[in-house]
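See structure below.
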Amino acid sequence: MVVMFQLFKRDVMRCLNVDERFVKESDHADLACTIAFKIAKEEGKNPIDVANELVERLEPMGYVGKIEVVNGYINFFASEEFLEDTINTIIDTDENYGYLGLRGEVLIEHTSANPDGPLHVGHMRNAIIGDTLARIFRKAGFNVKTHYYVNDMGRQIAIAVLGYRMFGLDESKKPDHAVVEAYVRANEEIERNEELEREVEKLMIEYENFKDEVVRDFRFVVEKALEGIRRTLEELNVRHDEYVWESEFLRNGYVERVLKMLEERGLIKKERAWFIEMDEKPVVLRRENGTTLYVTRDLAYHLWKNENFERFVNVLGSDHKLYGRQLSKILEMLNLKTPEIVFFEFVSLPEGSMSTRRGKFVSADELIERVYEEAKKIVEGREMENKEEIAKAVAIGAIRFDFVKVAPEKPMVFDWTKALDFERQTASYIQYAHARCCSILRKAVKMGMPDLDFKPELCTKVERDLVMHLSKFPYTIERVVKDLKPNYMAEYLLNLANRFNEFYREHRVLDESGEIRMHRLAIVDAVRIVLRNGLELLGIEALEKM
RNA sequence: GGGCCCGUGGCUCAGCAUGGAUAGAGCGACGGCCUUCUAAGCCGUAGGUCGCGGGUUCAAAUCCCGCCGGGUCCGCCA
């Protein structure tokens, strides 16, 4: 477990004896300390004098190298030893660089789109955030399981089943698209004929009572939808360890258990329906007709999570915020752990919000297909092998990066012209930097097995900055895990690719000889490793040639 | 009506955690760079009242209050 940048930061804090609040990243130094401003204020002195005084009686220790005072800031630069240890650690630990040694059982539940049709671009945002978090948590050391929670008991599933019974499924279509067709048609029928409402309600009651042929039809329709959804997710390099059906919690007794727990604490009010009084609005747990609600099953699911995991993370659309708060509040009433929830804002279309019910959405399949076609056009004009695979990797990378780079709480507007514009794709920029590293190393090997030998005293300013940035990779993972913001990693990699290109422009590698050559090859190899590890965390293939 | 989120160059976004030294990218625009390790790249130029107003502070894009604009939630739906 090596966390280079944090070690340096810790040394800075120790040698000044200040806490983390006063030590910050800065453009002017590797780390800058602002404590002098605070002391100056308290003691009515000049910050510059205070800073100078502090520095005078300061013993550099560990990885702390040069220290200078500028305008009251105390600027710290890492030592040559730090740079050397960073590069050597990266090369030695290789694919494990980024591992933080954190421990614990973590469940990440994400995507969980209703199985009434294909994934649309909003669900993609959920899947990509969730999958990226899962990858980063694993890298940090956690034992991670991912769940797709299947809402097989919802009203819309009953409608889809009704559609299936009335019209069947179009076998020529991808199964999730066939399901949504039946679902949309059934909705249209219901609008025309109110009688069908009762049909839907009946289906729901019968399913909840496990009536055989109803269960069979629900299972059939849900499996069909999931089959299609799973295929789409596979294209995106998103994999769930398990698909958990909510009806399962009715069968296995957890629903009953959680209701009993609530009852014993006197929390449930029973009138015609059963409900819990809450500040914002009451939560109904059992309908007048005796059936349970989504929240009831979800409470049971979270009771189960409590028994099996130390931490659980849910990725949910921000329209579920009130729901999430209430769920957590009820769990707290039972002295149970609450989920950590990542809320993401909506992906809307230029013409407005999406709706599965009205069949108004951009499906993930369509987006993938069209971006892929666009990537193929670009690859066509180039001399290379495996054009199809490269186009695929570039297309999926472009899509994943586009979604993950935006902070979850920012609303997104999905725009076809932008999605298909490869000039603005930033994933391929990172993939390209990685391919460049590989190319240099490949050639070096061809010229005779090279020795890699980093010498900090040979570092130029550009090289030094690049190495410092490499040291922050584990630190970035730590921040993602702490804040649940996978966009930090996207930002980090973009920045790294940028710095590498600067290095590439200003320095030759293979044309050099002797220790400079070995020194630069070590840097290139270290950059290659971090780019590759980072792309892996984003679920983007690190191409060696493109 | 109340709650929550967002508002940063023409466009898409980063930065807000922990206030700090010239607010960063990409696209678009304009000009340049392939006889040198991959031009999916690089360099340069133009372009910003960080939604508005107030407050706290030596210091505010960042913290607090109010307002405006957009989104979303407020079901015996999921």
Side-chain angles (χ1 to χ4, degrees), chain A residues 19-29 32 34 37-38 40-41 47 70-73 75 112 114 116 151 153-157 246 271-275 279-289 291-295 297-298 317-323 325 343-346 348 353 375 378-379 382 384 390 394 402 405-413 415 418 421-433 435-444 479 482-483 485 487-488 490-491 494-495 497-498 501-502 504-512 520 524 543 545-546:
Chain A
D19 72 81
E20 202 175 8
R21 287 206 313 280
F22 300 101
V23 176
K24 341 208 154 192
E25 292 173 69
S26 160
D27 293 337
H28 308 268
T34 56
F37 293 101
K38 184 183 159 66
K41 169 78 173 141
V70 181
N71 299 332
Y73 296 90
N75 287 340
S112 304
N114 288 334
D116 56 4
N151 306 154
M153 302 192 71
R155 195 183 126 78
Q156 48 278 77
I157 304 310
E246 61 170 327
E271 292 176 3
R272 283 186 298 275
W274 295 10
F275 61 96
D279 294 340
E280 289 166 284
K281 61 158 192 171
V283 172
V284 178
L285 297 172
R286 198 170 174 276
R287 293 188 185 89
E288 199 174 347
N289 69 16
T291 56
T292 55
L293 287 95
Y294 178 78
V295 65
R297 277 102 62 180
D298 206 17
S318 65
D319 53 334
H320 289 74
K321 277 190 177 177
L322 173 60
Y323 174 82
R325 261 202 310 276
F343 291 106
F344 66 92
E345 281 293 332
F346 271 26
S348 56
S353 55
I378 293 169
V379 169
R382 290 163 206 261
M384 54 174 63
I390 289 170
V394 167
D402 244 15
K405 74 178 180 196
V406 180
E409 70 274 14
K410 297 269 189 178
M412 287 175 78
V413 176
D415 182 339
K418 286 186 181 112
D421 178 5
F422 264 84
E423 289 303 308
R424 60 171 287 287
Q425 294 304 350
T426 30
S428 51
Y429 178 82
I430 300 168
Q431 287 171 309
Y432 190 68
R436 272 180 158 175
C437 292
C438 291
S439 175
I440 292 173
L441 294 163
R442 226 172 13 242
K443 291 201 164 134
R479 290 182 59 221
K482 180 171 151 275
D483 295 349
K485 306 243 299 192
N487 53 305
Y488 292 163
E491 183 72 11
L494 209 48
N495 202 311
N498 209 314
N501 280 328
E502 197 180 351
Y504 186 86
R505 176 179 82 241
E506 298 195 3
H507 305 300
R508 305 257 89 207
V509 178
L510 298 176
D511 297 342
E512 298 288 347
R520 293 201 176 147
V524 172
L543 295 166
K545 288 182 186 173
M546 63 187 285

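Naming: A, B, ... by sequence-line order, numbering from 1 per chain. Excluded from the calculations below are hydrogen atoms, water molecules and symmetry mates; all remaining heavy atoms, backbone and side chain alike, are included. If you're wondering where the values come from, they're calculated on a predicted model, not measured in any experiment.
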| message | Pair Asn487(A), Val406(A) - check side-chain contact (heavy atoms from CB on, under 4.5 Å), show working. | response | CA-CA 6 Å; Asn487(A) 53 305; Val406(A) 180; over 6 Å; no
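- Comparing rA14(B) with rG26(B), their P atoms are spaced 16 Å from each other, to the whole Å.
- When the ring-ring contact (aromatic ring centres under 6.0 Å, His included) test is applied to Phe275(A), no partner is found at least two apart in sequence or on another chain.
- rC34(B): glycosidic angle within 90° of 0, hence syn.
- Taken to the nearest 0.5 Å, the CZ atom of Arg155(A) stands 13.0 Å off from the CG atom of Leu293(A).
- Straight-line distance between the C1' atoms of rC65(B) and rA29(B): roughly 41 Å, to the nearest whole Å.
- Partners of Tyr323(A) according to the ring-ring contact (aromatic ring centres under 6.0 Å, His included) rule, which considers only residues two or more places apart in sequence or in another chain, are Tyr294(A).
- If you take atom C1' in rA40(B) and the same atom in rC4(B), they sit 41 Å apart, rounded to whole Å.
- Residues meeting the salt bridge (charged side-chain N to carboxylate O under 4.0 Å, His left out) test with Arg508(A), sequence neighbours left out: Asp511(A).
- For Glu502(A) and rC33(B), the CD to P distance is 22 Å, given to the nearest whole Å.
- How far NZ of Lys405(A) is from CG of Leu494(A): 8.0 Å, rounded to the nearest 0.5 Å.
- Partners of Tyr73(A) under the ring-ring contact (aromatic ring centres under 6.0 Å, His included) rule, at least two apart in sequence or in another chain, are Phe37(A).
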| Does the pair His28(A) and Val70(A) meet the rule for a side-chain contact (heavy atoms from CB on, under 4.5 Å), with working shown? | CA-CA 9 Å; His28(A) 308 268; Val70(A) 181; over 6 Å; no
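- For Glu345(A), there are no salt bridge (charged side-chain N to carboxylate O under 4.0 Å, His left out) partners two or more places apart in sequence or in a different chain.
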| note | Its dot-bracket string being built from Watson-Crick and G-U pairs below 3.5 Å, with | for another strand and [ ] for crossing, RNA chain B has the pattern (((((((..((((......[...)))).(((((.......))))).....(((((..]....))))))))))))....
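- The interatomic distance linking Met384(A) (CE) with rA40(B) (P) rounds to 9 Å, in whole Å.
- Residue Phe343(A) contributes atom CZ, which lies 13 Å from atom P of rC6(B) at whole-angstrom precision.
- Note on Tyr429(A): a side-chain N or O is less than 4.0 Å away from OP1 or OP2 of rC42(B).
- Of the residues near RNA chain B, Ile440(A) and Ala497(A), the one whose nearest nucleotide (by heavy atom distance) lies more toward the 5' end is Ile440(A).
- Rounded to an integer number of Å, the gap from Leu510(A) CG to rU38(B) C1' is 12 Å.
- Here Ile390(A) lies in heavy-atom contact (under 4.0 Å) with a base.
- Rounded to a whole angstrom, the distance from the C1' atom of rC50(B) to that of rU62(B) is 10 Å.
- Distance Asn501(A) CG to rG26(B) P: 11 Å, rounded to the nearest Å.
- Glu25(A) pairs by the salt bridge (charged side-chain N to carboxylate O under 4.0 Å, His left out) definition with Lys472(A), not counting sequence neighbours.
- For rG7(B) and rG47(B), the P atoms lie 25 Å apart once the distance is rounded to whole Å.
- Among the atoms of the strands shown, none is found under 4.0 Å from any heavy atom of Val413(A).
- Note: CZ (Arg442(A)) to P (rU38(B)) measures 8 Å, nearest angstrom.
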| request: Dump the intermediate steps for side-chain contact (heavy atoms from CB on, under 4.5 Å) on Asn501(A) and Tyr429(A), then the final yes or no. | output: CA-CA 10 Å; Asn501(A) 280 328; Tyr429(A) 178 82; 3.1 Å; yes
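- One interatomic measurement links the two molecules: CG of Asn495(A) to C1' of rC13(B), which rounds to 15 Å at whole-angstrom precision.
- Every residue two or more places apart in sequence or in another chain that forms a side-chain hydrogen bond (donor to acceptor under 3.5 Å, both in side chains) with Glu20(A) is listed here: Lys9(A).
- Nucleotides rU18(B) and rA60(B) place their C1' atoms 14 Å apart, quoted to the nearest Å.
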| note | Quick tally for nucleotides 14-23 of chain B: nucleotides whose base has a protein heavy atom under 4.0 Å get B, sugar-phosphate-only ones S, the rest -, giving SS-B--BBB-
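- Going from atom CG of Leu494(A) over to atom C1' of rC27(B) covers 13 Å, rounded to whole Å.
- Listed pair Ser428(A) / rA40(B) fails the phosphate criterion, with no side-chain N or O lying under 4.0 Å from OP1 or OP2.
- Partners of Lys321(A) according to the salt bridge (charged side-chain N to carboxylate O under 4.0 Å, His left out) rule, which considers only residues two or more places apart in sequence or in another chain, do not exist here.
- Looking at heavy-atom distances under 4.0 Å, Phe275(A) makes no contact with the nucleic acid at all.
- For Arg505(A), a side-chain nitrogen or oxygen approaches OP1 or OP2 of rC43(B) to under 4.0 Å.
- Taking Val509(A) as the reference, Ile440(A), Phe503(A), Arg520(A), Leu521(A), Val524(A) meet the side chain to side chain contact (heavy atoms under 4.5 Å, CB included) condition, with sequence neighbours excluded.
- With both ends at atom C1', the span from rC64(B) to rU22(B) equals 28 Å, rounded to whole Å.
- At the phosphate of rA39(B), OP1 or OP2 sits under 4.0 Å from a side-chain N or O atom of Arg436(A).
- Spacing between rG28(B) and rG75(B) at atom P, rounded to whole Å, works out to 47 Å.
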| Annotated protein contacts, base or backbone, on nucleotides 69-78 of chain B with a non-hydrogen cut-off under 4.0 Å, one of B, S, - each | ---SSSSBSB
